[in-house]
Amino acid sequence: MRTVRKALDTALRYARELTGEAEYDRYCERHRRHHPHAPVPTRREYERIRTMRREYESPGRCC
C-alpha cells in the first residue's frame, strides 16, 4: 500500500509542477516571508501580475 501511495504522491507532485500550481504555492510562501503584514494575492491576482511582468519585462524579439 505504501508503494501505491508513494507513486500517487509522485504523480501528483509532477502534475502540480506541470500545471503551475506548485509555482503559486512557492510564491505564497516567499510572499509571506518577505511581506508578513501584506495580504497574499489570490491566484487570479498572481496570474495577472505574472502575465504583466512577462509582457513588460521580457526582452524584445526580432520576429
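Values in this document were obtained by computation on a predicted structure and should not be read as measured data. Residue numbers run from 1 in the order of the sequence given.
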Checklist entry - Who pairs with Arg26 by side chain to side chain donor-acceptor pair (under 3.5 Å), at least two apart in sequence or on another chain? => result Glu17
Checklist entry - Taking it one step at a time, do Arg50 and Arg53 satisfy side-chain contact (heavy atoms from CB on, under 4.5 Å)? => result CA-CA 5 Å; Arg50 196 174 98 173; Arg53 274 195 194 133; 5.8 Å; no
Item to check | Closest approach of Tyr24 to Pro41 (non-hydrogen atoms, all atoms of both residues) | outcome: OH-O, 2.8 Å
Checklist entry - Which atom names give the shortest non-hydrogen contact between Arg43 and Thr19, and what distance separates them? => result NH2-O, 4.2 Å
Checklist entry - How about Tyr46 and His31: do any of their side-chain heavy atoms sit closer than 4.5 Å? => result no
Checklist entry - Do the charged groups of Arg5 and Asp9 touch, with an N to O distance under 4.0 Å? => result yes
Item to check | Pairing residues for Ala15 by the side-chain contact (heavy atoms from CB on, under 4.5 Å) criterion, not counting sequence neighbours | outcome: none
Checklist entry - Rounded to the nearest 0.5 Å, how far does CD of Glu21 lie from CG of Leu12? => result 9.0 Å
Next on the checklist: Rounded at 0.5 Å granularity, tell me how far OG1 in Thr42 sits from CD in Glu47.
Outcome noted: 9.5 Å
